[in-house]
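Convention: sequence-line order gives letters A, B, ...; per-chain numbering from 1.
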Number of protein chains: 2
Amino acid sequence: MISSSPLGSDKRRYVVETAYALFKRDGFHATGIDRIIAEAEVAKMTMYRHFPSKDDLIVQVLDYRARRFDRQLDRLAEEAVTPEQKIATIFDWYERWFRSADFHGCLFAHALAEFGNPEHPVFKAVAGQKNGLRRRMQSILEDIMPPDRAASTAAALLMLIEGATLMAEMGQADTAICDARKAAFSIIAAPSAMTAP
Amino acid sequence: MISSSPLGSDKRRYVVETAYALFKRDGFHATGIDRIIAEAEVAKMTMYRHFPSKDDLIVQVLDYRARRFDRQLDRLAEEAVTPEQKIATIFDWYERWFRSADFHGCLFAHALAEFGNPEHPVFKAVAGQKNGLRRRMQSILEDIMPPDRAASTAAALLMLIEGATLMAEMGQADTAICDARKAAFSIIAAPSAMTAP
DNA sequence: TAGTGAATAGACAGACCTGTCTCACTGCTT
DNA sequence: AAGCAGTGAGACAGGTCTGTCTATTCACTA
């Protein structure tokens with residue numbers, strides 16, 4: 001067998017991609033090991049050789065997904081010129097995702113729902129992904145506003161995106177992404193530092 | 001036994017409240033019937049007499065929670081005068097919730113994560129609750145802006161709230177509610193109809 | 001006092017869960 | 001040719017899951 005690399009054999013990749021599809025569609029607790037290995041056409045011991053436990057597999061799946069997400073956003077950001085355009089490409093990515101055939105909501109949000117213990121590795125993987133996106137937007141925004149306002153705005157944009165993903169999951173993808181985009185640029189273009197009454 | 005009402009005996013209430021606490025803390029699939037009846041100190045047949053299945057119990061728990069949420073928001077809205085104040089009381093409610101000792105995120109969002117099939121009764125219960133909150137904010141906003149902009153703004157506020165709940169779940173409750181509030185009033189006070197570049 | 005309806009504890013069925021283990025096979029490398 | 005790492009198929013253990021059923025007890029009512 002021609003193994004592509006010691007850390008990433010073909011079988012391992014099959015398992016991760018199959019588990020990703022099943023976790024996404026049916027959830028983590030509801031997806032059994034037996035179904036994963038059956039659909040991946042892999043022996044049980046092969047899976048357990050690569051992943052010590054189901055929890056470990058879940059973390060690896062989340063990491064796989066997070067890395068792909070980051071790569072795609074990196075590539076989109078290269079095409080954009082202004083900071084506003086860079087933010088817009090992020091919303092573009094979400095719009096395409098919402099419209100994709102097998103959209104089932106955010107795997108990380110789902111993982112958080114099923115693994116709410118902050119000490120659990122899955123929880124930490126989720127927090128890492130969400131904070132990564134927030135930092136990405138924050139560093140973009142720091143080119144057009146002071147750092148403290150960039151931090152607040154990035155947090156607000158992340159909340160809008162997460163909420164839009166939830167609404168898209170409930171079948172309101174079109175209005176969700178449209179209203180989120182409008183709200184985002186309303187926040188960014190706010191005349192002064194935002195203040196609540 | 002002095003039953004309070006034909007539709008709501010004490011035992012039934014025990015089961016719903018216990019199941020609510022367990023579902024909130026551990027999730028739906030991860031919480032077994034046996035644990036619910038043990039903590040509620042109720043026989044298994046008693047539970048199955050009131051709820052034909054676990055799925056049915058989950059729906060009843062969600063309804064119970066949604067009704068309590070609506071009652072609390074109704075009472076808060078009575079104390080507010082202006083539409084802006086009414087919106088602010090909703091954010092106040094969320095702020096107190098985020099800071100409460102046993103906050104574990106939104107039970108409805110968690111239910112959506114575990115029951116993603118739009119035909120499932122649990123899915124419909126979640127959609128009902130979220131759309132209810134959106135309509136509540138929309139009708140408040142219609143007093144200070146045209147109907148189409150009220151609809152967009154209500155959707156944006158819902159997304160902010162859902163995103164803030166997610167961030168609070170990840171231990172960032174303070175910045176989440178603060179930034180969400182600022183963003184919300186920035187959107188509401190936007191000088192004109194929002195437009196994206 | 002007899003009857004009725006609800007609740008109880010717990011056994012039980014049948015399925016599914018994670019994780020371990022054995023044994024046979026395959027294809028590459030030395 | 002021999003060895004070896006990786007893999008396949010599946011039995012197996014020990015536990016948990018939902019949902020059903022029985023036999024019994026208790027409180028209240030006619």
Check your understanding: Within this structure, what is the NE2-to-P distance between H50(A) and dG8(D), rounded to whole angstrom?
Key -> 9 Å
Exercise for review: Give, ordered by number, those residues of residues 17-41 of chain B having at least one heavy-atom distance below 4.0 Å to an atom of DNA chain D; if nothing qualifies, reply none.
Suggested key: T31(B), G32(B), I33(B), D34(B)
Point to revise | M137(B) and T153(B), any side-chain heavy atoms less than 4.5 Å apart | key: no
Study note, to complete from the structure: Among dG19(D), dT8(C), dG19(C), the one nearest any side-chain atom of Y48(B) is dG19(D)
**Study point:** Ring centres under 6.0 angstrom apart (F23(A), F28(A))
**Key:** yes
Exercise for review: Measure the distance from CE on M47(B) to P on dC17(D) and round it to the nearest whole Å.
Suggested key: 13 Å
Review point. Between the side-chain atoms of K44(B) and the base atoms of dG10(C), is any donor-acceptor pair under 3.5 Å?
Key: no
Check your understanding: Do the side chain of S53(B) and the main chain of D56(B) share a donor and acceptor less than 3.5 angstrom apart?
Key -> yes
Review point. Is any side-chain nitrogen or oxygen of T46(B) closer than 4.0 Å to OP1 or OP2 of dA6(C)?
Key: no
**Study point:** Selected nucleotide, minimal atom distance to M45(B) side chain, candidates dA9(D), dA7(C), dA9(C)
**Key:** dA9(C)
Check your understanding: Are OP1 or OP2 of dA7(C) and a side-chain N or O of R49(B) less than 4.0 angstrom apart?
Key -> yes
Review point. Once you round it to whole Å, what is the distance between P of dC17(C) and CG of L57(A)?
Key: 15 Å
Practice item. With salt bridge (Lys or Arg N to Asp or Glu O under 4.0 Å) as the test, would you mind laying out the steps for K182(B) and D179(B) before giving the verdict? Key: CA-CA 5 Å; K182(B) 285 193 287 189; D179(B) 292 336; 3.8 Å; yes
Could you give the side-chain donor-acceptor pairs of residues 163-170 of chain B under 3.5 Å, partners two or more places apart or in another chain?
| residue | atom | partner | partner atom | Å |
| --- | --- | --- | --- | --- |
| T165(B) | OG1 | I161(B) | O | 2.8 |
| E169(B) | OE2 | H110(B) | NE2 | 2.7 |

Review point. Just how far, in rounded Å, is P of dA27(D) from CG of D10(B)?
Key: 15 Å
Revision key, fill the gap. Hits for side chain to side chain donor-acceptor pair (under 3.5 Å) against R134(A), two or more places apart or cross-chain, chain-then-number order -> N131(A)
